[in-house]
Each structure stands twice: as structure tokens, then as C-alpha cells.
Amino acid sequence: MARRALILVEGHRGIGLRYVQAAQRLGLHPITLSTDPARHDYLAAGKLEAIAVDTDNLDALIHVCRRLGATYNIAGITGFTGLDESLYATVGKLCRHFDLPGPNPASIERCCNKFTQRQLLAEAGVPIPAYRLAMNAADVKISAAQIGLPVILKPAAGSGSSGVRLCRDVDELAEHTAHLFGGKHTWVSSPRILVEEFAQGPFYTVHTMGNEVVGIEAAAFHHPPHFVFREGTFPAQLSDDEHRRIADVSLSCLRALGLGWGPSATEVRWTKRGPVVIEVNPRIDGGPQQVELAYGVDLITEHLKLVIGEECDLRRSHSLISAWRSLLPDRDGTLDWIDGHSRAAAVPGVAEVKFYVEPGTPIVRKGDFQDSLGYVIAVSPSLAQTEAILQHAIDFIGWSITPFPTE
């Protein structure tokens with residue numbers, strides 16, 4: 001009988017290995033298809049099967065999967081997105097081609113186009129920030145005047161806060177417009193900018209699987225004007241009414257966007273008018289460990305069950321409080337050293353300490369998810385205890401960055 005295989009399109013520095021491990025626990029043989037498998041360190045470290053293929057080319061992916069199907073029983077196909085979320089739509093098309101469970105590619109494409117997403121949410125009556133689409137610098141200036149400063153400028157397609165910035169005055173607006181349109185930003189599609197009202201208030205992420213809310217996470221950002229996540233707590237400390245209203249608005253988003261299958265993460269701010277949806281991401285959030293630690297629900301394993309045609313189980317086995325902190329540099333330069341991993345990891349209640357970088361790595365902050373040097377995550381029965389554990393662990397970690405030489 002042919003071995004059951006799981007196809008993973010591309011990889012992910014945060015959750016790629018977790019998907020591999022979850023697949024293996026389910027008795028599946030994980031095979032990664034990547035444009036450059038060497039980019040994903042865990043593949044070589046674990047001696048995992050990987051095949052080089054242009055993952056932007058649907059026909060090439062179909063050809064490789066068909067060839068693998070001669071040796072393996074392909075139980076399911078899924079994948080990861082980097083800055084270009086359209087890859088997940090390609091995964092949906094692959095699933096359709098091989099008659100396997102997966103996301104609706106049309107829904108994914110509509111969701112990944114942030115302008116189209118906002119149009120659909122607005123038509124459904126979902127509260128969202130005021131927005132305009134800008135094709136050039138003149139459009140940006142007019143749109144910002146119509147909405148009123150401060151505004152947020154962001155590419156109409158992309159993820160990980162890449163190219164997203166708060167513009168508080170006309171100088172910042174002009175500067176970031178020039179950055180986006182002037183060739184410094186890497187576009188994943190044709191250059192189009194969303195100009196948005198800056199919705200102010202506490203930030204939350206709603207984790208859903210299918211049409212069920214698993215839980216709501218509170219998160220906070222590092223220093224403006226960029227939107228780099230600094231820390232988060234799961235579950236968020238909300239009143240019953242706040243929880244219900246945030247959960248209800250996130251489910252309204254899924255209905256409006258046709259995202260009734262698999263994982264999604266809806267970003268919400270609680271403003272003076274209540275919950276306002278910032279955006280919906282049709283995928284697992286970058287760090288699902290906090291959900292598993294707090295509730296005992298492994299979103300990755302439950303996602304894979306759906307991928308291979310089984311039923312997922314989202315019942316909680318316990319109720320704790322988890323929290324995480326990202327390790328963020330305060331300057332650009334060359335990383336001389338980073339240490340404290342073992343001491344931080346040894347603190348009781350610390351679930352994981354992860355460093356993404358090694359000494360000698362050039363650090364160039366871009367104002368997006370790639371700025372993080374790593375993270376620490378902790379868990380306990382109470383918020384105060386979890387926060388104390390986390391801070392105790394963070395205090396053991398240090399690093400040094402030598403600024404680049406100036407000419």
C-alpha cells in the first residue's frame with residue numbers, strides 16, 4: 001500500500017516545522033515543494049524530503065504532484081504564505097485540481113486583495129475604517145485630505161505589515177508615498193496603495209477554524225509609525241459583551257468573504273464605535289502556539305485534519321493564560337552576539353524561546369515581521385503570573401549590534 005503523503009507548498013520560519021511535525025504525528029510523510037528549499041533551514045536539519053519547483057507556476061506544481069502521486073498516496077495539500085499571500089490561492093487551485101479538501105481559491109484571491117476585501121466587507125455592513133484606493137502620488141494626497149490625517153498607507157496586496165506605515169502629517173505622507181512608488185518597496189502585484197483612516201484602540205486577533213471562533217488574542221505593536229508586533233496575550237481579557245461583539249463581527253467577515261473552510265485570523269481594533277475590522281487573513285496566524293498552550297487546541301493539527309478530509313476537534317482541554325514577547329532590535333547593524341536562550345528557557349512556565357538569527361547576521365529593520373530576532377512565550381493559570389514569568393525570562397536575554405560603518 002502506498003505511503004500517505006502531505007504536500008506542503010513552500011515553508012515558514014515560524015510554523016513550517018510545526019506543520020511537518022504535526023503531519024508526522026498524523027502518520028503522514030511531509031514533502032515540501034519550494035522555489036528554494038535551502039531557504040527553509042528546518043528542511044535540511046531534519047533531513048526532510050523537499051523538491052525545488054517554481055511555486056508561482058501552477059502547472060509546474062500540478063506536474064510535480066502528479067509525479068509524486070505515482071509513488072505516494074497524496075492525502076492532502078496545503079502551504080504557507082510569505083509576503084505574497086496569493087500562494088495560498090494557488091494551494092486552493094491545486095486542491096481543486098486533485099479533488100482534495102482545501103480553501104476556495106476565488107475567496108482567497110478576493111480576501112488577499114485588500115481593496116476588494118474592504119469593498120465586500122463594506123457591502124456586508126461590517127464596520128471598517130474609511131479607505132480609498134490610490135494609483136499614484138496625487139491620488140494618495142487627495143485621499144488623505146478626504147479621510148483626514150493621520151492615515152495609514154499600505155500596499156493593496158501583501159502581508160506581514162510590509163510597506164505599512166502610519167502617516168501623521170503631510171511630510172510623512174509624502175515620504176512614504178515616495179518610498180512605495182519610488183522603487184524601494186518590493187511589490188507582489190501592480191503598485192496600488194490603500195489609504196486608510198487610522199482606527200485607534202486596543203488591537204485583537206480572532207482565531208477561527210471554519211465557522212467557529214476558537215479564541216481572541218490581544219496584541220500590541222512596537223513604536224510607530226510601523227506596525228511590528230511587540231507582544232500578545234491569549235485569551236484577551238474581555239468582558240462577555242466585548243467578546244461576543246468581536247466574535248460576531250469576525251464571523252460576519254467570514255460570511256462576507258466566503259471563508260467557511262479552514263483557518264482564518266481577523267484583526268480588529270476596539271474603537272469608540274466598538275469593534276472595527278482592520279483586515280482578515282485567510283490562514284493561520286503566525287504564532288498558534290499561544291492557543292495550544294492556553295486551551296490545548298492545536299490549530300495546526302486540526303487544520304491538517306481538515307486538509308486530509310477528517311473532522312477537526314476544537315474542544316478545549318484546559319484554560320490557562322499564555323503570553324509572548326518579540327525580541328526587537330533598536331538599531332541596524334551587524335549582530336555581534338545574542339545569548340541567554342538556555343537560561344530563559346529554564347524559567348518555570350516558559351514554553352519556548354526561539355532565536356531567528358545568529359552572530360554575524362546583518363540586521364536591517366524594515367518595519368515589518370522580518371524585524372524580529374526571535375520570541376519568548378510563557379504560560380500559567382493567571383495573567384499576572386504569566387507576565388511575571390515572561391519578564392523574568394526576557395531579563396536573561398541580551399544581544400549586541402554594531403552599527404554599519406558610515407561613509
Side-chain angles (χ1 to χ4, degrees), residues 111 117-118 120-122 124-129 198-221 227 229-300 302-303 306 312-325 351 377-387 389-390:
C111 193
Q117 180 187 129
R118 276 151 185 73
L120 292 169
L121 295 179
V126 174
I128 59 173
F198 179 36
Q200 300 185 56
F203 183 95
Y204 302 100
T205 297
V206 186
H207 300 273
T208 51
M209 187 70 72
N211 292 310
E212 185 171 344
V213 172
V214 179
I216 301 173
E217 177 179 4
F221 295 100
F227 294 90
F229 283 111
R230 181 183 74 240
E231 59 191 4
T233 304
F234 185 91
Q237 305 300 289
L238 298 165
S239 69
D240 290 344
D241 181 63
E242 289 168 338
H243 189 283
R244 178 187 57 79
R245 291 177 65 186
I246 293 173
D248 285 350
V249 80
S250 71
L251 294 177
S252 297
C253 292
L254 301 188
R255 288 192 293 270
L257 299 170
L259 296 175
W261 188 94
S264 295
T266 302
E267 298 178 353
V268 175
R269 279 195 187 268
W270 189 277
T271 71
K272 292 178 181 178
R273 59 186 176 121
V276 170
V277 174
I278 304 303
E279 67 182 50
V280 181
N281 297 304
R283 51 175 167 77
I284 271 188
D285 184 62
Q289 302 98 300
Q290 60 269 31
V291 178
E292 183 177 5
L293 290 168
Y295 284 173
V297 179
D298 181 352
L299 291 177
I300 290 175
E302 301 312 320
H303 178 208
L306 294 177
C312 66
D313 181 2
L314 303 176
R315 290 174 298 178
R316 303 175 191 175
S317 62
H318 53 256
S319 186
L320 301 172
I321 306 289
S322 63
W324 56 269
R325 186 93 52 85
I377 186 166
V379 64
S380 85
S382 75
L383 177 59
Q385 185 180 354
T386 299
E387 289 179 338
I389 292 167
L390 189 58

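Side chains included, hydrogens not; waters and symmetry mates left out as well; all remaining heavy atoms used.
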Taking [X] for the side chain and [Y] for the main chain, is one N or O donor matched with an acceptor at less than 3.5 Å?
X      : Y      : value
Gln117 : Glu279 : no
Thr208 : Ser264 : yes
Thr386 : Ser380 : yes
Arg269 : Gly201 : yes

Review point. Around Asp240, counting heavy atoms of other residues, nucleotides and ligands shown, do more than 12 lie under 6.0 Å from its CG?
Key: no

Atom pairs and distances, side-chain donor-acceptor, residues 252-262, under 3.5 Å, sequence neighbours left out:
residue: Ser252; atom: OG; partner: Asp248; partner atom: O; Å: 3.0
residue: Ser252; atom: OG; partner: Arg255; partner atom: NH2; Å: 3.2

For the student: nearest non-hydrogen atoms of [X] and [Y], plus distance:
X      : Y      : result
Ile246 : Val249 : O-CG1, 3.2 Å
Leu299 : Val291 : CD1-CG2, 4.0 Å
Arg245 : Gly274 : NH2-CA, 3.7 Å

Spatial distance of atom [atom1] ([X]) from atom [atom2] ([Y]) [nearest 0.5 Å]:
X      : Y      : atom1 : atom2 : value
Ile377 : Glu231 : CD1   : CD    : 12.5 Å
Thr266 : Asn281 : OG1   : CG    : 8.0 Å
Gln237 : Glu242 : CD    : CD    : 11.0 Å

Practice item. May I ask you to test the Tyr204-Leu238 pair for a side-chain heavy-atom distance under 4.5 Å? Key: yes

**Study point:** Steps toward side chain to side chain contact (heavy atoms under 4.5 Å, CB included) verdict (Met209, Leu306)
**Key:** CA-CA 10 Å; Met209 187 70 72; Leu306 294 177; 3.9 Å; yes

Check your understanding: What pairs with Phe203 under ring-ring contact (aromatic ring centres under 6.0 Å, His included), at least two apart in sequence or on another chain?
Key -> Phe221, Phe229

Point to revise | Candidate pair Glu217 and Asp285, rule side chain to side chain contact (heavy atoms under 4.5 Å, CB included), full reasoning | key: CA-CA 11 Å; Glu217 177 179 4; Asp285 184 62; 4.2 Å; yes

Tabulate below the donor-acceptor pairs under 3.5 Å that side-chain atoms of residues 312-323 make, not counting sequence neighbours, or state none.
residue: Asp313; atom: OD1; partner: Arg315; partner atom: N; Å: 3.1
residue: Asp313; atom: OD1; partner: Arg315; partner atom: NE; Å: 2.9
residue: Asp313; atom: OD2; partner: Arg315; partner atom: NE; Å: 3.4
residue: Asp313; atom: OD2; partner: Arg315; partner atom: NH2; Å: 2.9
residue: His318; atom: NE2; partner: Leu293; partner atom: O; Å: 3.0
residue: His318; atom: NE2; partner: Gly296; partner atom: N; Å: 3.3
residue: Ser322; atom: OG; partner: Phe234; partner atom: O; Å: 3.4
residue: Ser322; atom: OG; partner: Gln290; partner atom: O; Å: 2.9

